[in-house]
Amino acid sequence: MTKDDLIRRTADKAGVETNIARLVVEAAIETTMEFIANGESLYLRGFGTLQPKLRKAKKARNISKNTTLVIPAHKVPHFKPSPHFKNRLK
């Protein structure tokens, strides 16, 4: 499913025009990215939790140049599905 598919299906289910659904979906995505980038968690009951997770610094190897480099610690988005969501997949 692409973002356009999501927008079309959301518009159909909500009974609104596609351009209105596009604004709502894009605003929700933008707000979610802002929350996660600011270190906050987003909890959606029945769906799951999106939160930033800190990855530790680690050593990596560039095999083409035969060198070692350090990848610094950084945050990545992490999704933990709710039990209700997990049960729907079974």
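Residue numbers start at 1 and run along the sequence shown.
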Notebook entry, point to check: What's the spacing between Thr67 OG1 and Leu69 CG if we round to 0.5 Å?
Noted result: 6.0 Å
Next item on the list: Give every residue pair that meets the salt bridge (Lys or Arg N to Asp or Glu O under 4.0 Å) criterion with at least one member in residues 6-15, sequence neighbours excluded.
Entry: Asp5-Arg8
Check: Above 12 or not: heavy atoms from other molecules or residues under 6.0 Å from CD1 of Ile63?
Finding: no
Item checked: Trace of the side-chain contact (heavy atoms from CB on, under 4.5 Å) decision for Ile71 with Lys59 -> CA-CA 6 Å; Ile71 299 174; Lys59 291 182 182 177; over 6 Å; no
Next item on the list: Would you check if the side chain of His78 reaches a backbone N or O of Val76 as a donor-acceptor pair within less than 3.5 Å?
Entry: no
Notebook entry, point to check: Minimum heavy-atom separation for Lys75 to Gly39, with atom names?
Noted result: NZ-CA, 4.4 Å
Item checked: Distance-minimising heavy-atom pair for Phe85 and Phe47 -> CD2-O, 3.3 Å
Next item on the list: Might you point out which heavy atoms bring Ile36 and Leu50 nearest each other, and give the distance in Å?
Entry: CD1-O, 3.4 Å
Next item on the list: Assess the pair Tyr43 and Phe35: is the distance between their ring centroids shorter than 6.0 Å?
Entry: no
Mind listing the side-chain donor-acceptor pairs of residues 17-31 below 3.5 Å, one per line with the distance, residues two or more places apart or on another chain?
{"unit_1": "Arg22", "atom_1": "NH1", "unit_2": "Asp4", "atom_2": "OD1", "d": "3.2"}
{"unit_1": "Arg22", "atom_1": "NH2", "unit_2": "Asp4", "atom_2": "OD1", "d": "3.4"}
{"unit_1": "Thr31", "atom_1": "OG1", "unit_2": "Ala27", "atom_2": "O", "d": "2.8"}

Check: About how many Å separate OG1 of Thr68 and CG of Asn62, when rounded to the nearest 0.5 Å?
Finding: 9.0 Å
